[in-house]
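Structure record follows, encoded as structure tokens.
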Protein chains: 2
Amino acid sequence: MAIRHAILGLLHYRSMHGYRIKTQIEQYFGHVWSINFGQIYPNLKSLLDEGLIDMTEENQAGMRGPSRKLYSITDKGREAFAEWIRKPPEKNMILRDPFLMRFVFFGFGEKERALEIIDDQIRLYEKQLALRKERYKKLKDREIHVRLISELGIELNEAFTAWLKRARKELHRNGKGDRGRK
Amino acid sequence: MAIRHAILGLLHYRSMHGYRIKTQIEQYFGHVWSINFGQIYPNLKSLLDEGLIDMTEENQAGMRGPSRKLYSITDKGREAFAEWIRKPPEKNMILRDPFLMRFVFFGFGEKERALEIIDDQIRLYEKQLALRKERYKKLKDREIHVRLISELGIELNEAFTAWLKRARKELHRNGKGDRGRK
DNA sequence: CCTCTCATGTAAGACGTTACATGATTCA
DNA sequence: TGAATCATGTAACGTCTTACATGAGAGG
């Protein structure tokens, strides 16, 4: 249900069409959430059906450009959103990283290969970090909450990277002294 | 597909029954993954059908205790697992926290209420952190990868907590100087 | 006696991802 | 001319969560 509320939240800033909502969600909290078109349009439809948002078609006959539908929030939508934002803290966060799941079992694989994979992953984390810092420059003068979330994204990314580098060192050291042992 | 591999990975340590697999997954990487019974048993069934694991019923007639089914990994299962562990890094991690999603929009809600929710959340993070540190004591002499993942969990938890405390301070300060402004 | 933990399983539904289909505009 | 981006949408499939049903043993 969170995506529905994210949409309502975004429409507080201004009216938007579906495509824009997706790119905004990526920018605003791509750090802590992800979304795809397969969710956006069906959700817009149901929000519309429930009267939480309004829609106006943007192309008068003869206009160029693909058909666009402008969505805006209704009073009912504002109420639903306000209720959601007031709620007490709920369920825990979900952190799911297929790499970490494999990492736990690297002891059962080949050590050399494991180190290779870790190196690749470090590069990946670093690339991601660079991207986040790049984005942060553009975001840092925006709304305070958006900026703070962006900072969290960077700090978590840094924590991941630092941890993995340390882990690599430990495993490498371990691999050297431990040859043959089980 | 990751859960299937996690099961195969765990069965490398020793044969287990379904219930145990769940508790072990929670202990070993509850930091980075979660699981429920609704997934365990169907997955065990399909792994069995595909010959990746074996099963032996544990209760001879007359034995006490609930019926248990001991699962063990087959050679085919070992191969499938080895292949998985060798693969190059794949899709990005997913971090999803309903609280953070709401946080981004706290600017549209009441400031006082937002601070309350943040305080609750800080307490929640701290409770979680204490629990993780407690578990770590028992885990720290286990297999190196398990220990490292547990350390990551703690470090991330610390990063979250520190960030949220800082964010609270900033928002509080902001709220004071900013009254009435939009 | 009651509650907790151990133990196995199913079903319904919510949620998310991927792939497909379509088509215009912009820029190199 | 071709690629990238903007734009809307559907269908199929996978995955995850929640709730339900059942029952034994252990410990207070």
Side-chain angles (χ1 to χ4, degrees), chain A residues 1-7 10 15-27 29-30 32-50 53 55-71 90-98 101, chain B residues 1-7 10 15-27 29-30 32-50 53 55-71 90-98 101:
Chain A
M1 294 282 106
I3 285 145
R4 292 162 58 80
H5 293 109
I7 293 174
L10 277 177
S15 300
M16 286 176 224
H17 49 270
Y19 191 89
R20 190 91 208 284
I21 288 171
K22 198 215 163 204
T23 55
Q24 292 286 101
I25 287 181
E26 275 161 2
Q27 262 192 45
F29 35 86
V32 288
W33 212 274
S34 73
I35 200 165
N36 26 314
F37 290 120
Q39 291 166 268
I40 288 279
Y41 295 111
N43 270 303
L44 283 172
K45 205 184 213 173
S46 74
L47 284 169
L48 195 62
D49 288 347
E50 291 161 40
I53 57 175
M55 186 264 284
T56 44
E57 214 117 1
E58 252 192 338
N59 28 348
Q60 285 101 328
M63 280 215 75
R64 52 180 161 79
S67 74
R68 284 158 151 243
K69 291 176 174 183
L70 237 208
Y71 294 93
E90 17 160 8
K91 271 238 338 230
N92 285 4
M93 62 157 192
I94 299 161
L95 167 61
R96 239 170 223 151
D97 188 337
M101 172 68 97
Chain B
M1 293 281 106
I3 285 145
R4 293 163 58 81
H5 294 110
I7 294 175
L10 278 178
S15 300
M16 284 176 224
H17 49 270
Y19 190 88
R20 190 90 207 284
I21 289 171
K22 199 215 164 206
T23 55
Q24 291 285 103
I25 287 180
E26 274 162 1
Q27 263 192 43
F29 35 84
V32 288
W33 212 274
S34 73
I35 199 164
N36 28 314
F37 291 120
Q39 291 167 268
I40 288 278
Y41 295 111
N43 270 303
L44 283 172
K45 206 184 211 170
S46 72
L47 284 169
L48 196 61
D49 288 347
E50 292 161 40
I53 57 175
M55 186 264 283
T56 45
E57 213 115 5
E58 249 192 341
N59 27 349
Q60 286 102 328
M63 281 214 75
R64 52 182 161 77
S67 74
R68 284 157 152 243
K69 291 177 174 182
L70 239 208
Y71 293 94
E90 18 160 7
K91 271 236 341 229
N92 283 6
M93 63 156 191
I94 298 160
L95 167 61
R96 237 171 224 151
D97 188 336
M101 171 69 97

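Throughout, a chain's letter reflects where its sequence line sits, starting with A, and its residues are numbered from 1. Below, each value reflects all heavy atoms present in this structure, side chains not excepted, and no hydrogens, waters or symmetry copies.
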Discussion item. Could you tell me how far apart A:Glu26 (CD) and C:dT17 (P) are, to the nearest whole angstrom?
Written reply: 11 Å
For nucleotides 17-22 of chain D, give me every protein contact, N/O to N/O, under 3.5 Å, one pair per line with atom names.
| residue | atom | partner | partner atom | Å |
| --- | --- | --- | --- | --- |
| D:dT17 | OP2 | B:Asn36 | OD1 | 2.8 |

Discussion item. Suppose we screen for ring-ring contact (aromatic ring centres under 6.0 Å, His included). Which residues come up paired with B:Tyr19, at least two apart in sequence or across chains?
Written reply: B:Phe37
Worksheet entry | Whole angstrom value for the distance that separates P of C:dG16 from NZ of A:Lys22 | 14 Å
Worksheet item: Which nucleotide in the list C:dT10, D:dG9, C:dG16 gets nearest to the side chain of A:Tyr41?
Response: D:dG9
Worksheet, complete the sentence: note: A:Met16, atom CE; D:dT8, atom P; distance rounded to Å ~ 12 Å
Item to complete: Would you please name every residue forming a side-chain hydrogen bond (donor to acceptor under 3.5 Å, both in side chains) with B:Lys69, sequence neighbours left out?
Response: none
Discussion item. Once side-chain hydrogen bond (donor to acceptor under 3.5 Å, both in side chains) is applied, what residue pairs with a partner in residues 35-45 of chain B remain, sequence neighbours excluded?
Written reply: none
Practice prompt. May I have the distance from B:Ile25 (atom CD1) to D:dC16 (atom P), rounded to whole angstrom?
Written response: 11 Å
Discussion item. I want to confirm an ordering. Mapping B:Leu70 and A:Trp33 to their closest nucleotides on DNA chain C, which one lands closer to the 5' end?
Written reply: B:Leu70
Item to complete: First locate atom CH2 of B:Trp33, then atom CG of A:Asp97, and finally report the distance between them rounded to the nearest 0.5 Å.
Response: 7.5 Å
Discussion item. At less than 4.0 Å, is any side-chain N or O atom of A:Lys69 found next to OP1 or OP2 of D:dG9? Yes or no.
Written reply: yes
Discussion item. Whole angstroms only, please: what is the CD1-P distance between A:Ile7 and C:dG16?
Written reply: 11 Å
Worksheet item: Under 4.0 angstrom, heavy atoms only, what part of the nucleic acid is A:Ile40 near: base, sugar-phosphate, or nothing?
Response: nothing
Worksheet item: Going from CZ on B:Arg20 to CG on B:Leu70, what distance comes out if it is rounded to the nearest 0.5 angstrom?
Response: 10.5 Å
Worksheet item: Hey, what do you get for CE (B:Met16) to CG (B:Leu44), rounding to the nearest 0.5 Å?
Response: 11.0 Å
Response to the item:
Rounding to 0.5 Å, atoms CG (A:Leu47) and NE2 (A:His5) come to a distance of 8.5 Å
Worksheet item: For B:Ser46, what residues pass the side-chain hydrogen bond (donor to acceptor under 3.5 Å, both in side chains) criterion, not counting sequence neighbours?
Response: B:Arg4
Discussion item. Using a strict heavy-atom distance below 4.0 Å, which residues from residues 42-49 of chain A are in contact with DNA chain D?
Written reply: A:Lys45
Response to the item:
One should read off an interatomic distance between B:Ile25 CD1 and B:Ile3 CD1, to the nearest 0.5 angstrom, of 7.0 Å
Worksheet item: Rounded to the Å, how far apart are A:His17 NE2 and C:dA24 P?
Response: 17 Å
Worksheet item: According to a strict under-4.0 Å criterion, is B:Tyr19 in side-chain N/O contact with OP1 or OP2 of C:dC6?
Response: yes
